[in-house]
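Throughout, protein chains are lettered first and strands after them, A, B, ... in sequence-line order, and every chain is numbered starting at 1.
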Number of protein chains: 2
Amino acid sequence: MNQSEGKSKVYIEIVKQLRVMIETDGLKAGDKIPSERELSERLDAGRSSVREALRALELLGLIETRRGEGTFIRDFRENQLVQLLSTFILQDKRAKRDVVETKYLIEMDCLRQAAAKSGDDKLAQLKQWTSASEFSDDDFFLKIADMADNHLLFRIWKILKDYYNSLGINPPAVNKAYYEKLTDDLLAGDIDRTLLSYWQLRDLSKE
Amino acid sequence: MNQSEGKSKVYIEIVKQLRVMIETDGLKAGDKIPSERELSERLDAGRSSVREALRALELLGLIETRRGEGTFIRDFRENQLVQLLSTFILQDKRAKRDVVETKYLIEMDCLRQAAAKSGDDKLAQLKQWTSASEFSDDDFFLKIADMADNHLLFRIWKILKDYYNSLGINPPAVNKAYYEKLTDDLLAGDIDRTLLSYWQLRDLSKE
DNA sequence: AGATACACGTGGTCTGACCACTTTCTTTGA
DNA sequence: TCAAAGAAAGTGGTCAGACCACGTGTATCT
């Protein structure tokens with residue numbers, strides 16, 4: 001494979017062809033792609049060029065290569081985009097001011113989604129867990145974010161949570177009553193009351 | 001450089017050290033980093049390993065290498081990465097669903113924030129612009145996101161917009177009446193009606 | 001049947017060769 | 001002396017090859 005005609009570097013072409021292969025062969029998370037040596041033959045490129053392409057995709061979190069085993073597709077939803085973007089966005093000084101507000105907005109979105117999508121059995125489990133367990137605020141909203149059934153929203157929340165925690169804001173002591181009331185409102189299917197309970201929870205948590 | 005003690009692959013270590021170098025040396029867009037051969041010496045690694053790290057960073061859009069010249073820092077632009085990733089993500093229906101849903105949730109958050117924070121003069125300007133201009137859906141919500149006065153939320157929306165746009169969903173023809181109604185509801189300070197209008201706008205947009 | 005050893009396949013890293021291009025330096029000619 | 005041309009050096013681009021570390025599968029031994 002040479003480059004005299006086209007402008008693209010070999011590794012870029014390989015990335016493109018891997019993408020097509022994934023699509024054509026219907027490869028899903030956990031599936032194995034051909035070995036480096038086989039790809040080298042198939043794509044008429046040097047093994048080093050194949051590796052360059054694979055390393056690039058690996059850094060993006062789209063694949064995972066394990067010595068002795070091979071190279072596997074990862075769940076594309078776990079890609080590193082959100083992580084990478086947060087690196088740049090959160091370096092922006094202005095962003096820090098907005099972290100708290102945005103975290104709260106996302107949490108409320110998660111509550112709305114959880115209310116809309118979760119069955120009563122899931123909410124009953126949450127209620128039981130809330131009563132029976134010692135938990136942190138983060139533990140609680142991790143469950144809510146999970147119940148929102150939107151992986152992207154879940155990851156955004158996680159990034160915001162981690163960053164919020166890195167700001168050194170003291171974690172509030174958990175007053176269980178607020179979380180239990182919130183859960184009750186969720187169970188009752190009353191989203192407005194749920195959001196009101198959230199505000200009350202946060203007003204308290206802030207002091 | 002060998003790997004017998006640590007778990008990280010060499011290229012990952014090189015990526016990390018490049019990151020430190022960029023930061024320590026205060027390198028900015030356009031600045032040149034040391035040659036592959038020099039990095040190879042400095043970091044005590046093979047040139048191939050250096051190249052693997054560089055290719056990975058290049059695919060992320062963080063650097064640009066030009067034959068005969070060298071490797072240069074680039075301004076990070078999210079849309080390049082989003083576009084690349086979306087070609088993979090497109091293959092995952094759940095990921096597509098998450099993107100669409102999250103964009104809508106963020107837009108509603110922007111509406112809520114715009115309603116809470118914007119003065120009547122700003123909203124009046126929006127009303128006037130909506131009447132007087134030809135605009136796209138993205139144009140409209142760019143303004144809304146701006147009026148939310150939360151830079152982080154704004155950036156999140158922009159990235160989601162790029163993501164959404166690379167899904168290949170046909171941009172709907174703008175039916176101005178819906179945007180004008182939405183603006184009226186904002187002006188009236190009725191957030192529930194505003195959100196209802198948003199839902200109506202999106203329901204139509206989906207056909 | 002279970003444990004062990006061996007062979008093979010896969011990835012991991014490095015070296016080296018050579019090419020294409022760019023930049024810098026040196027030589028030549030006006 | 002200055003400008004242009006050519007050569008040398010530097011940079012990235014690609015490939016081949018060597019050899020090691022690990023994982024998996026098969027064969028053999030207890």
When rounded to whole Å, the CG to P distance for the pair A:Leu43 and D:dA16 reads 13 Å
*For D:dC15, does either OP1 or OP2 sit under 4.0 Å from a side-chain N or O belonging to A:Arg51?*
no
Smallest heavy-atom separation, B:Gln91 atom then B:Thr87 atom, equals NE2-O, 3.5 Å
Notebook entry, point to check: Under 4.0 angstrom, heavy atoms only, what part of the nucleic acid is A:Arg66 near: base, sugar-phosphate, or nothing?
Noted result: sugar-phosphate
Might you list the N or O atoms of the protein lying below 3.5 Å from N or O atoms in nucleotides 18-24 of chain C, with each pair's distance?
residue : atom : partner : partner atom : Å
C:dA20  : O4'  : B:Arg67 : NH1          : 2.8
C:dA20  : O3'  : B:Arg67 : NH1          : 3.0

Check: Counting N and O atoms only, with roles assigned by atom type, does the side chain of A:Lys176 sit under 3.5 Å from a partner on the main chain of A:Ser131, one being a donor and the other an acceptor?
Finding: yes
Point to revise | Check: B:Glu36 main-chain N/O paired with B:Ser40 side-chain donor or acceptor under 3.5 Å | key: no
Taken to the nearest whole Å, CZ/A:Phe72 to P/D:dT24 is 8 Å
Here the ring pair (Phe, Tyr, Trp, His ring centres under 6.0 Å) pairs for residues 30-54 of chain A, sequence neighbours left out, are none
Listing, residues 145-153 of chain A side-chain donor-acceptor contacts under 3.5 Å, not counting sequence neighbours, or none:
residue  : atom : partner  : partner atom : Å
A:Asn150 : OD1  : A:Leu152 : N            : 3.1
A:Asn150 : OD1  : A:Leu153 : N            : 2.9
A:Asn150 : OD1  : B:Thr102 : OG1          : 3.3
A:Asn150 : ND2  : B:Asp98  : O            : 3.4
A:Asn150 : ND2  : B:Glu101 : OE1          : 2.7
A:Asn150 : ND2  : B:Thr102 : OG1          : 3.0
A:His151 : NE2  : A:Glu78  : OE2          : 2.9

Checking D:dG12, C:dT13, C:dG12 against the side chain of B:Ser35 (C-beta onward), the nearest is D:dG12
To the nearest angstrom, the CD-P distance between B:Glu38 and D:dA9 comes to 18 Å
Atom NZ of A:Lys9 and atom C1' of D:dC15 are separated, to the nearest Å, by 16 Å
Worksheet entry | D:dT11 phosphate, OP1 or OP2, under 4.0 Å from B:Thr71 side-chain N/O | no
Q) Do the ring centers of A:Trp129 and A:Phe135 come within less than 6.0 Å of each other? A) yes
- OP1, OP2 of C:dG12 versus side-chain N and O of A:Thr65: anything below 4.0 Å? yes
note: B:Glu52, atom CD; D:dG12, atom P; distance rounded to Å ~ 16 Å
- Identify whether any heavy atom of B:Ser40 sits under 4.0 Å from a base atom; if not, whether one sits that close to sugar-phosphate; answer base, sugar-phosphate or nothing. nothing
Check this for me: does the side-chain of B:Ser48 come within 3.5 Å of the base of C:dT15 through a donor and an acceptor?
yes
From CG of B:Leu39 across to P of D:dG10 the rounded distance in Å is 16 Å
Partner of B:Tyr198 under ring-ring contact (aromatic ring centres under 6.0 Å, His included), picked from B:Phe141, B:Phe140, B:Tyr178, is B:Phe141
In whole angstroms, the gap separating P of C:dT10 from CD of A:Glu64 amounts to 18 Å
On DNA chain D, more 5' by nearest nucleotide between A:Ser49 and B:Glu36 is B:Glu36
To the nearest angstrom, the CZ-P distance between B:Arg55 and D:dC15 comes to 13 Å
